[in-house]
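Written below as structure tokens is the structure these notes are about.
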Amino acid sequence: MTHPPYTGSSDELHRLAAFDTHAPLEEGTLGKLYSYMLKCRTVEERIRLLYRQGRFSGNYFSAVGQEATEVGATMDLLPEDTVAPSHRNFVTHIMKGTPLKLMFAHIFLRKASPDQGRCAQAHCGYAPLNIITPASTIAAQLAIGTGVALANKMQKKMSVVVALSGEGSTSLGLWHESLNFAGVQQLPIVFILENNLWAESVPAQLQSAVADFSIKAQAYGMRGITVDGNDVVAVYKAAQEAIYGARQGVGPTLIECKTYRWYGHSEIDPAKYRPVGELEYWKSRDPIPAMERYLTERGFWADSWKQELLAEFEREIDEAIEFAEKSPYPDPVDALDHVFSFSIRERELNRKVWAPQVAVMV
Amino acid sequence: MTHPPYTGSSDELHRLAAFDTHAPLEEGTLGKLYSYMLKCRTVEERIRLLYRQGRFSGNYFSAVGQEATEVGATMDLLPEDTVAPSHRNFVTHIMKGTPLKLMFAHIFLRKASPDQGRCAQAHCGYAPLNIITPASTIAAQLAIGTGVALANKMQKKMSVVVALSGEGSTSLGLWHESLNFAGVQQLPIVFILENNLWAESVPAQLQSAVADFSIKAQAYGMRGITVDGNDVVAVYKAAQEAIYGARQGVGPTLIECKTYRWYGHSEIDPAKYRPVGELEYWKSRDPIPAMERYLTERGFWADSWKQELLAEFEREIDEAIEFAEKSPYPDPVDALDHVFSFSIRERELNRKVWAPQVAVMV
Amino acid sequence: MAVMTYIDAITSALREEMARDERVFMIGEDIGAMGGVFKATKGLQEEFGSARVIDSPLAEGIIISSSIGAAMAGMRPVPEIQFADFIAPAMDSIVEQAAKLRYRSAGTQTCPLTVRVCYGGGVGGGLYHSQTNTSWFIHTPGLIVVAPSSPYDAKGLLKAAIRNDDPVLFFEHKKLYRSVKEEVPAEDYTIPLMKAAVKRKGSDVTAISHGYMLQLTLQAAEKMHKEQGAEVEVIDLRTLAPLDKDTFLESVARTSRAVVVHEANRTLGIGAEISAIIAEEAFDCLDAPIARVTGPDIPAVPASPPLENFYMPSVERIVAALERTLEY
Amino acid sequence: MAVMTYIDAITSALREEMARDERVFMIGEDIGAMGGVFKATKGLQEEFGSARVIDSPLAEGIIISSSIGAAMAGMRPVPEIQFADFIAPAMDSIVEQAAKLRYRSAGTQTCPLTVRVCYGGGVGGGLYHSQTNTSWFIHTPGLIVVAPSSPYDAKGLLKAAIRNDDPVLFFEHKKLYRSVKEEVPAEDYTIPLMKAAVKRKGSDVTAISHGYMLQLTLQAAEKMHKEQGAEVEVIDLRTLAPLDKDTFLESVARTSRAVVVHEANRTLGIGAEISAIIAEEAFDCLDAPIARVTGPDIPAVPASPPLENFYMPSVERIVAALERTLEY
Ligand SMILES: Cc1ncc(C[n+]2csc(CCOP(=O)(O)OP(=O)(O)O)c2C)c(N)n1
Ligand SMILES: Cc1ncc(C[n+]2csc(CCOP(=O)(O)OP(=O)(O)O)c2C)c(N)n1
Ligand SMILES: [Mg+2]
Ligand SMILES: [Mg+2]
């Protein structure tokens, strides 16, 4: 099945010129890829510090080490495009443009957070920029994202969905149902599979008897490729090509990005299950210095620029943290809101008691 | 991951010589394949007739047209081997050796049926011969069969599991979880995928954007092949090779058998959704006359033999029907049995009422 | 006005809502070319095209989850689950996603969808074509659970469900599809969700039910009237969650006696909640124990006729419970 | 005798059962090398090998279904569901398969398995690491549902569950794992399933609870005793299905008053069934409405501390309900 290309509004269209994967990227794009990686790293390291300082209760799932994938896969999305994040994609908000203040309000579980303090730190959506509020249930956001793509197709929009999941997530039934349905319906969705070798403590080879997870695309009649998930340029190019294709109606793509998470599954996991030397190997493949070398070769990088960027990020983060820590917690009784489109406060808070009445005679 | 071959009892072992797919089948085997197909067809056509005569209440899901797959995939299993049937594999009982009387007692929902009248006609197990009593829920029996294979492996038995499902079933999450797990654990199980082009009214191309469903094996690091499901010799050879391999510990196989169901999804489905000519085409590929021609070419077939077989089958069926129709229904209150390992009759049938007592002083 | 079966009422509600609002679409197994296993969607794919009446893969999880996503993106999906017995593969999608999306996004992301589910026994369907598993969803805040007992209600409630902004589970009893007929207006109408209906006035005892059992309860009430002159007030819950408790509490406050009738198995069937509410909020009104007439606590409805009959609550059993309660 | 935490009691029960019976094996996410997210299976893979302590793929459906098949083939699986919040993907496997296999095969195929599930709030886990969804399974005949409140019970009940021939869902409250310590015998012992325990004697009012809430209920009872001289009888259900109703009915027949405390949301929480049983089977014994102290009817426990506190029933709320019931 193929579909006619989607027709979007004209101000969308001019941004959607065909992406040429062979052409070199422009300086601006390269710089953006780099600075976003740096920002993601800076934000997440700060969150981790806050956690160790005991400044918020809860937990955090960082993608430190995976920035090339996080950034390359989601940069240059339009506001209308949807992102379906998993627990490890908090930095998606940076890519999409959610204000840092709101992100930190979420970390601190304040009323000002996009979900008013409901979800744990790992899970955060933002409706104005079409970031799906994920459940914790693995693959759930991917399935919902598939539905958004279905709507985009029905509404003949050019918007796409980028849905992220880990290699562990591929084992779950709903992951399969999502990709299979996207394949049948040729939906405008790009599945980013972050293969970071581990699902909590479980190694990839106990998830599936395949080496490259992108082969799974074949089961769905879908294009599938594996890229070096620590090479931000490679990820960006692969993602852009898939996104462009999806906008044109050629259907979904599965992109496996091979990468690595530096820290434990979450902040409470010392990650003792990893073989000796593995972390060191991957640290030597840190995507940020790699990109610095790449840019330096092309004369686009200077340490002074990096320091400027860092200073700016730190300032922005400080402000956001100050805002968040000063901002109030929700009221306890707010827990009763947003269950339905109507309020249940009255029903839950006031229970009337019935007294006997004289029966009416018939 | 590979495992050492399983070690079974010695009386099992002599029956497990390596299967040579290139060697021609012996006359006895060919004759058995043919006569089993004929028996399956005869039994199912009789059940369909009984249904139209209103002799039993319920429904039936026949595999008429698919006999080459049903027979080829499950012939020559050992009693210790497990079959995980779906709703369309009632004839599995013939292959495994369940007495016809019990099969018809099941059709007539009598107490004498293996499940004492609990399951609808489509679903029937038989514990003494290791046929899993299937739920109706698609893929459920496949997942349970995967667990049996896990136990076989743990117990170092040479027994295998043959799990059957339709092409529609491949869309379900649990189908995926089963094959994926079998791949990771290299379980002794053979997945027979009966691609009969339709899942009720839904054509295969709306199930999955693939042409050959066996390609899905690649997603699980598992061998996958597609065979002509109307060629009983081809199916038998493919199944035997996979079964032999599974016994030796080389892991699971997915075998797609392309075939066709002649009638509706069930007896109440007129199957109007099918394109004109499709049924006629597939009837021209009826596996039974095809096998007759194949045997005739080799001098192994005569119409008189067929008539003898048919007469024998009809006699056996008549007896079984007589037994079943004469045999009693369960008692209504039997509905309370087999909920737990202990009885709930007392609890459900006698509810005591409590009267107030004078409070004991402390 | 036309006399309609329950299933025709559903089909016409679907057709009218699809025509009224182009955001409404349907997805499910066999709902397209075949028009559904019970023909509830007959003719709709021809009329509205295969993009709006989607024959899905055999995968309940994605039927529901894709509906959630589509709803979030502005559509009004009406997915179908062919049999309640096959809803479990969609459990996560319904209970963890649909029910919680509004809550977890503090009202900024919502999923107005109406899941049609065919349920119930009494037609010889056996263990996996007869189940009543409404309780899982009644217990799940964030879901509206509707279970109409008649054609008029079915049409009005289905339209209300589709127009409502919350996820609704709409349970259609297969035994009612062709067994009950009723006058149904030609004009567009809706019936408010979360409102029970007094289907028969009475002053002696309150019988609370819904779905197919409501019809049996009405028959039992008629029998009590004819044979014993007892006046049974019959309340049709119509919506099972959130419960309209005022309607039955007001009734029990008048009659002082209550009998609950439902098809789901006894333990934590809806009857448990109704009893508990009455025992807590109208305790002083009660002159007799609250009786429950329910399916037995066995895993499902067995296929063989004597076993199925044992499972299904009957007019006789309802009458017996009403008598016991009245005589107390 | 040794003083043990709840989680140590569980680990030692698992270790002893694995050593006692080589058919016992475990399967679940992160239970092997990591020893489980809460360390309940710590050291067991080292001791018994990776073939008997299996780190499964991330797929709850096959964790349970492969256990069912293995059980059918003679093993005694003890699968783990990491968080109750993630049990829904295994709903079909648990409710349609495990619960119904014995029934649908008329007792010829069975699946003795013990599903360990970590559940409950009060630890800041938020919407998807705090849920209590026991009701789905309590409502499902064919399943035994156990939810211990203390280390001694946890060990004895877990052993009994593993040795039992029915599918058992064993709910472990994460808040109890390290917060409660108790003497636990060194010798092998089991505690019978389906038997409630009177955890505190009293004559004025019966409080019925289980799990973490049982501990709060005991505190509330102690407070009532110290501050008001009221004697609360505290019943720990221990097994939630099938319910041991005789123990609480006998108590209510003495005290004439009942309060039920549970963490699940109110509608169709276990409290509904208990109220309904009392209102039907011990109606004449009652001198006051049956009070329920429960989680509110909201989708799950929110993360932010004030919201979580709003959700969780507290000693104060239990005391208030006991007072109200006593004063009635
Ligand atoms: C259905 C479900 N089961 C279990 C979990 C617990 N859990 C959270 S993250 C995780 C591992 C995920 O691994 P992967 O998909 O590789 O993502 P990564 O954490 O490596 O980014 C697990 C088991 C869950 N959230 N949902
Ligand atoms: C989970 C689930 N959903 C829906 C059904 C209803 N149903 C029964 S058989 C069937 C089609 C099965 O198609 P396929 O797997 O191709 O097998 P076939 O009938 O062609 O042999 C459907 C939808 C079911 N039994 N289980
Ligand atoms: Mg991973
Ligand atoms: Mg098929």
Side-chain angles (χ1 to χ4, degrees), chain A residues 1-3 137-140 142-143 146 149-150 165 167-187 189 191 193 195 199 202-224 226 249-254 256, chain B residues 1-3 137-140 142-143 146 149-150 165 167-187 189 191 193 195 199 202-224 226 249-254 256:
Chain A
M1 286 207 290
T2 50
H3 296 279
T137 344
I138 288 294
L142 201 103
T146 302
L150 177 66
S165 64
E167 87 296 339
S169 312
T170 64
S171 302
L172 208 72
L174 199 54
W175 189 91
H176 165 80
E177 294 189 5
S178 302
L179 274 85
N180 187 55
F181 185 64
V184 171
Q185 291 280 335
Q186 291 285 298
L187 298 181
I189 183 166
F191 296 102
L193 196 169
N195 184 350
V202 179
Q205 63 272 25
L206 288 182
Q207 291 298 342
S208 192
V210 297
D212 293 328
F213 279 65
S214 62
I215 201 173
K216 291 178 186 282
Q218 301 204 18
Y220 312 114
M222 181 185 299
R223 273 155 298 125
T226 292
V250 306
T253 306
L254 173 66
E256 180 195 24
Chain B
M1 284 206 293
T2 51
H3 297 279
T137 345
I138 288 294
L142 201 103
T146 303
L150 177 67
S165 64
E167 87 296 337
S169 312
T170 64
S171 301
L172 208 73
L174 198 55
W175 189 90
H176 166 79
E177 294 190 5
S178 302
L179 273 84
N180 187 55
F181 184 65
V184 170
Q185 291 279 337
Q186 292 285 298
L187 298 181
I189 182 166
F191 296 102
L193 196 170
N195 184 348
V202 179
Q205 64 271 26
L206 289 182
Q207 291 297 342
S208 193
V210 297
D212 294 328
F213 280 65
S214 62
I215 201 172
K216 291 178 185 280
Q218 300 204 19
Y220 312 114
M222 180 186 299
R223 272 154 298 127
T226 292
V250 304
T253 307
L254 173 66
E256 180 196 23

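What you are looking at is a predicted structure, and each value in this text was computed from that prediction instead of being measured.
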Side-chain heavy-atom pair A/Asn180, B/Lys216 within 4.5 angstrom cut-off: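 Yes - at least one pair of side-chain heavy atoms lies under 4.5 Å apart.
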Just how far is it from atom NE2 of B/His176 to atom OG1 of A/Thr170, taken to the nearest 0.5 Å?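 Separation between the atoms: 6.0 Å.
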How many angstroms lie between CG in B/Leu174 and CG in A/Leu174, if you round to the nearest 0.5 Å?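 Answer for the CG-CG pair, B/Leu174 versus A/Leu174, is 12.5 Å.
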Where is the tightest heavy-atom contact between [X] and [Y], given as atom of each residue plus distance?
X	Y	answer
A/Val210	B/Gln218	CG1-O, 3.4 Å
B/Val184	A/Leu206	CG1-O, 3.6 Å
A/Ala219	B/Ser208	O-OG, 3.5 Å

Which answer fits B/Ser214, side chain, backbone, both or neither, if we ask what part of it has an atom under 4.5 Å from a heavy atom of chain A?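 Interface part for B/Ser214: neither.
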Name the region of A/Ser178, side chain, backbone, both or neither, that has any atom closer than 4.5 Å to a heavy atom of chain B.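 Neither the backbone nor the side chain of A/Ser178 comes within 4.5 Å of chain B.
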